[in-house]
Amino acid sequence: MDEPGSVAPSCCHGEQACVFTKALLAHAARCELAIRHSAGEIDALTCSSPVARTNCATLSALLRERALFTLRLPRPPAPLVHAKALQLQCGGLRGLQQVLDAPSADVHHLIGLAHERHDSLLDLPWQQLVDAIAAWQPRRRRPGP
């Protein structure tokens with residue numbers, strides 16, 4: 001489970017931690033500002049831009065708020081289990097890409113495009129985004145040997 005009280009669920013904690021770490025590590029999205037750090041078996045992602053991280057944290061908080069009822073999420077600051085955080089991030093970014101008709105799932109680019117086309121993240125078509133979050137399914141595991 002994620003750290004209680006965190007603004008955005010992530011695998012690594014700290015001021016510069018990437019908000020969408022789970023989606024990036026799952027290869028559901030990418031980000032030109034994410035910097036990967038490996039320490040042994042642990043992969044951590046940090047954001048190279050404090051402003052972009054704030055924008056991502058805002059989007060993440062809005063995704064959680066708008067999908068609260070549909071996904072039966074606990075109210076903040078209660079932590080999310082990994083599967084729900086993954087569904088929220090991956091489904092939310094996929095939905096945003098579809099709504100904006102963007103060619104790639106680059107998080108920084110998607111948020112910039114959302115601001116450009118809708119003026120504010122609050123003005124996004126949230127019902128479509130919540131539907132995409134609810135529809136997202138993890139990859140099927142390959143059958144064992």
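Since the model is a prediction, treat every value here as computed from it, not as a measurement.
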Is there a side-chain contact between [X] and [Y] (heavy atoms, below 4.5 Å)?
X: Trp126; Y: Leu62; result: yes
X: Glu32; Y: Ser48; result: no
X: Leu124; Y: Leu129; result: yes
X: Leu24; Y: Val107; result: yes
X: Arg36; Y: Leu25; result: yes

Leu122 atom CG: more than 12 heavy-atom contacts under 6.0 Å: yes
Over 12 non-hydrogen atoms of neighbours within 6.0 angstrom of CD in Gln16: no
Exercise: identify the closest heavy-atom pair between Ala67 and Ile133: CB-CD1, 4.2 Å
Shortest non-hydrogen contact between Gln128 and Val99, atoms and distance: CB-CG2, 4.0 Å
Hydrophobic clusters here meaning ILVMFWY residues chained together by side-chain heavy-atom distances under 4.5 Å, can you tell me if [X] and [Y] are in one?
X: Leu86; Y: Leu93; value: no
X: Leu113; Y: Ile111; value: yes
X: Leu68; Y: Leu96; value: yes

Residue list, side chain to side chain contact (heavy atoms under 4.5 Å, CB included) with Pro138, at least two apart or on another chain: Trp136
By salt bridge (charged side-chain N to carboxylate O under 4.0 Å, His left out) - contacts of Arg117 (at least two apart): none
Ser60 side chain vs Cys56 backbone, donor-acceptor pair below 3.5 Å: no
Check: Cys18 main-chain N/O paired with Thr21 side-chain donor or acceptor under 3.5 Å: yes
Reference residue Arg64; test side chain to side chain contact (heavy atoms under 4.5 Å, CB included); the match among Leu80, Leu59, Leu71: Leu80
Lys22 NZ to Leu45 CG distance, which is reported to the nearest 0.5 Å: 11.0 Å
Hydrophobic cluster of Leu33, others only, ordered by chain and residue number, side-chain cut-off 4.5 Å: none
